Amino acid sequence: MLTPRQLLQPSFAGMLMQNIRIIISNLWIYVCMLISGARGQNTSVSNKQPTIRTKDENEGPNAQLTTPKSVNYHFTRQCNYKCGFCFHTAKTSFVLPIEEAKRGLRLLKEAGMEKINFSGGEPFMHQRGDFLGQLVQYCKQELELPSVSIVSNGSLIKETWFQKYGDYLDILAVSCDSFYEDTNKVIGRGQGKKSHLDNLHKVCKWCREYKVAFKINSVINTFNVDEDMREHITGLNPVRWKVFQCLLIDGENAGENSLREAEKFVISEQQFQEFLDRHQSVKCLVPESNQKMRDSYLILDEYMRFLDCREGRKDPSKSILDVGVEEAIKFSGFDEKMFLIRGGKYIWSKEDMKLEW
């Protein structure tokens, strides 16, 4: 029998704690497996998708099962803007048939999805926003998701869209990187003589009128890193101001096969921090460095494949339409801890925000 003195020896105590952690970890994995088995999996195959290189299933999936609580669905890569740092570029023009898209969204809901964010490309481009509107309505009305959101550049949104689909949308985020029109044009956020800032204010006004939570996304880069946006952001009063550090993704905005060359937009960690320090008084600011962005998002591409960005590129899983959510998500590269650290889980239903419209 060990004496109390022996029990307190560092080597024994360390071994004891290690064994306890292993037991707890195994119990947690077992519970997750039980939950996953109860949920079930749809493994029906879609024959409408092309054969595309995916990651080898023997490369090693994530150790723990992941619940896709918040998913970003980039259903189109087409866009009417040409932002120089864009990291989801128009490499294809493919868009799933709407019934296939709905089937995938239902699979995600059955796997535990609570929030869906539609993005692109520019999501209002396809079928003049009607395709997007139907998916928004389906997710809120049929799937009864707590939160449905959109990220857009704001240039193609019409008031009639709000009149038809506004009730089903929780959050609309408009991307705006500068409050100087010339800077937006240099970045590529613009089209012809239309004012990006005019569109921003117009959409903000419609969001208040049709009771949709308004959000702003900004990518901080070499052309706006010294800008002071405090007065403008405060005046627009978004529920959240997402501030991203310009990120390089091989094959998208960097490298031989990319459609963009974003190297000239890249800023240092120190520059990004100085921008954040200057804007720390803005209460709705939510900062996201490259480290936080790279592996803390569940991203679905136009084929409904999860994209793993851990290696600085977008490595696709197989489509959830072919192998189900549980199998595909193993190759997503998703870091749930970082998702929580960056504030990915927040009050995302407009009913729960209790906003004063």
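For clarity, every value in this text was computed on a predicted model and none was experimentally measured. We count residues from 1, following the sequence as given.
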Quiz item: If Ile, Leu, Val, Met, Phe, Trp and Tyr residues are connected whenever their side-chain heavy atoms lie under 4.5 Å apart, and connections chain through other members, are Met113 and Tyr168 in the same group?
Solution: yes
Quiz prompt | Arg77 vs Glu252, salt bridge (Lys or Arg N to Asp or Glu O under 4.0 Å): CA-CA, chis, key distance, verdict | solution = CA-CA 11 Å; Arg77 284 177 171 267; Glu252 295 284 354; 3.1 Å; yes
Self-check item: Exercise: identify the closest heavy-atom pair between Ala328 and Ile320
Solution: CB-CG2, 3.8 Å
Quiz item: Which heavy-atom pair separates Glu263 from Asn253 by the least distance, and what is that distance?
Solution: OE1-O, 4.2 Å
Exercise. May I ask you to check whether Ser349 and Glu351 show a side-chain donor-acceptor distance below 3.5 Å?
Key: yes
Exercise. Return the minimal non-hydrogen interatomic distance between Val174 and Val203, and the atom names on each side.
Key: CG2-CG1, 3.7 Å
Quiz item: Is Val225 reachable from Val266 through a run of I, L, V, M, F, W or Y residues, each pair having side-chain heavy atoms under 4.5 Å apart?
Solution: no
Quiz prompt | Donor + acceptor pair across side chains of Glu181, Ser195 (<3.5 Å) | solution = yes
Quiz item: Ignoring hydrogens and geometry, is there a side-chain-to-backbone donor-acceptor pair from Gln271 to Ser268 under 3.5 Å?
Solution: yes
Exercise. For the residue pair Leu307 and His88, establish whether any side-chain heavy-atom pair is separated by less than 4.5 Å.
Key: yes
Quiz item: Under the side chain to side chain contact (heavy atoms under 4.5 Å, CB included) criterion, do Met353 and Ile171 qualify, and how do the steps go?
Solution: CA-CA 11 Å; Met353 291 180 191; Ile171 305 168; 3.8 Å; yes
Quiz item: Do Phe265 and Phe223 make the cut of ring centroids closer than 6.0 angstrom?
Solution: yes
Exercise. Evaluate whether atom CD1 of Ile347 has more than 12 neighbouring non-hydrogen atoms of other residues, nucleotides or ligands under 6.0 angstrom away.
Key: no
Quiz prompt | Min side-chain heavy-atom separation Arg278-Met229 under 4.5 Å | solution = no
Practice problem: Locate the shortest heavy-atom distance separating Leu105 from Cys139; write the atom from each residue and the value. | Solution: CD1-SG, 3.7 Å
Exercise. Assess whether side chain to side chain donor-acceptor pair (under 3.5 Å) is satisfied between Thr92 and Glu302, documenting all intermediate values.
Key: CA-CA 9 Å; Thr92 76; Glu302 63 272 25; 2.9 Å; yes
Practice problem: Kindly indicate, with the supporting measurements, whether the criterion salt bridge (Lys or Arg N to Asp or Glu O under 4.0 Å) is fulfilled by Asp130 and Lys164. | Solution: CA-CA 10 Å; Asp130 193 58; Lys164 189 173 182 179; 3.5 Å; yes
Self-check item: side chain to side chain donor-acceptor pair (under 3.5 Å) evaluation trace for Ser178 with Asn184
Solution: CA-CA 6 Å; Ser178 174; Asn184 283 318; 4.7 Å; no
Quiz item: Between the side chain of Thr67 and the main-chain N/O of Lys69, is any donor-acceptor distance below 3.5 Å?
Solution: no
Practice problem: State whether a side-chain donor-acceptor pair under 3.5 Å links Asn199 with Ser155. | Solution: no
Quiz prompt | Side chains of Ile157 and Leu172 in contact at under 4.5 Å (non-hydrogen atoms) | solution = yes
Self-check item: Within 6.0 angstrom of Asn257 CG, more than 12 heavy atoms from elsewhere
Solution: no
Quiz item: In terms of side-chain heavy atoms, does Glu122 have a donor or acceptor partner in Asn80 at a distance below 3.5 Å?
Solution: no
Quiz item: Would you find a donor on one side and an acceptor on the other, under 3.5 Å apart, between the side chain of Lys109 and the backbone of Leu145?
Solution: no
Self-check item: Ring geometry between Phe118 and Tyr73 (parallel below 30°, tilted from 30 to 60°, perpendicular above 60°)
Solution: tilted
Self-check item: Nearest atoms (heavy-atom pairs only) where Met125 meets Leu156
Solution: CG-CD1, 3.5 Å
Quiz prompt | Test side chain to side chain contact (heavy atoms under 4.5 Å, CB included) applied to Leu132 and His126, step by step | solution = CA-CA 8 Å; Leu132 172 63; His126 189 60; over 6 Å; no
Exercise. Let me see the working for Phe131 and Phe75 under ring-ring contact (aromatic ring centres under 6.0 Å, His included), right down to the final yes or no.
Key: CA-CA 10 Å; Phe131 182 92; Phe75 68 83; 5.3 Å; yes
Quiz prompt | Shared hydrophobic cluster, Phe334 / Leu107 (ILVMFWY, side-chain heavy atoms < 4.5 Å) | solution = yes
Self-check item: Heavy-atom side-chain contact between Lys242 and Arg342 under 4.5 Å
Solution: yes
Quiz item: Hey, is the main chain of Leu169 close enough, under 3.5 Å, to the side chain of Lys140 for a donor-acceptor pair?
Solution: no
Quiz item: Which atom pair, heavy atoms only, marks the closest approach of Asn224 to Val219?
Solution: ND2-O, 3.0 Å
Quiz item: Would you say the side chains of Glu336 and Thr66 form a donor-acceptor pair under 3.5 Å?
Solution: no
Quiz item: Sub-3.5 Å donor-acceptor pair from the side chain of Asp228 to the main-chain atoms of Arg230, do we have one?
Solution: yes
Quiz item: So Tyr346 and Trp348, would you call those rings parallel, tilted or perpendicular, with 30° and 60° as cut-offs?
Solution: perpendicular
Quiz item: Does atom NZ of Lys345 have more than 12 heavy-atom neighbours from other groups under 6.0 Å away?
Solution: yes
Quiz item: Applying the 4.5 Å side-chain criterion to the ILVMFWY set and letting contacts propagate, would Val95 and Val136 be lumped into a single cluster?
Solution: yes
Quiz item: So, does Asp170 use its side chain to make a donor-acceptor pair with the main chain of Val148 at under 3.5 Å?
Solution: yes
Self-check item: Nearest-0.5 Å distance, CZ of residue Phe275 to CG of residue Leu285
Solution: 7.5 Å
Practice problem: Start with the C-alpha gap between Cys284 and Ile233, add the side-chain angles, then the distance that decides, and say whether side chain to side chain contact (heavy atoms under 4.5 Å, CB included) holds. | Solution: CA-CA 9 Å; Cys284 61; Ile233 295 296; 4.0 Å; yes
Quiz item: Do the non-hydrogen side-chain atoms of Ile329 and Phe306 ever get within less than 4.5 Å of each other?
Solution: yes
Quiz prompt | Ring centers of Tyr210, Trp206 separated by less than 6.0 Å | solution = no
Quiz item: Tell me, do Tyr180 and Glu227 make a side-chain contact under 4.5 Å, heavy atoms counted?
Solution: yes
Practice problem: Could you tell me whether the side chain of Leu200 reaches within less than 4.5 Å of the side chain of Phe214, counting heavy atoms only? | Solution: yes
Self-check item: Worked verdict on Gln191 versus Tyr81 for side chain to side chain contact (heavy atoms under 4.5 Å, CB included)
Solution: CA-CA 6 Å; Gln191 186 180 35; Tyr81 278 12; 4.0 Å; yes
Quiz item: Taking the side chain from His196 and the backbone from Ser175, do they hold a donor-acceptor pair closer than 3.5 Å?
Solution: yes
Quiz item: Salt-bridged, Glu327 to Lys318, with N to O below 4.0 Å?
Solution: no
Exercise. Look at the aromatic rings of Trp241 and His279 and report parallel, tilted or perpendicular, splitting at 30° and 60°.
Key: perpendicular
Exercise. Spell out, as yes or no, whether a donor-acceptor pair under 3.5 Å connects the side chain of Ser317 to the backbone of Ser332.
Key: no
Quiz item: Would Gln270 and Glu274 count as having a side-chain donor-acceptor pair, cut-off 3.5 Å?
Solution: yes
Quiz item: Just wondering, are more than 12 heavy atoms of other shown residues or ligands nearer than 6.0 Å to NZ in Lys82?
Solution: no
Quiz item: How long is the gap from NZ on Lys158 to CZ on Arg128, to the nearest 0.5 Å?
Solution: 9.0 Å
Practice problem: State yes or no: do Leu143 and Leu300 share one hydrophobic cluster built from I, L, V, M, F, W and Y residues joined by side-chain heavy-atom distances below 4.5 Å, directly or via other members? | Solution: yes
Quiz item: Ignoring hydrogens and geometry, is there a side-chain-to-backbone donor-acceptor pair from Lys314 to Phe87 under 3.5 Å?
Solution: yes
Exercise. Ignoring hydrogens and angles, tell me if any N or O in the side chain of Ser218 forms a donor-acceptor pair with the backbone of Val243 under 3.5 Å.
Key: no
Quiz item: Does the side chain of Gln134 come within less than 4.5 Å of Tyr165's, by heavy atoms?
Solution: yes
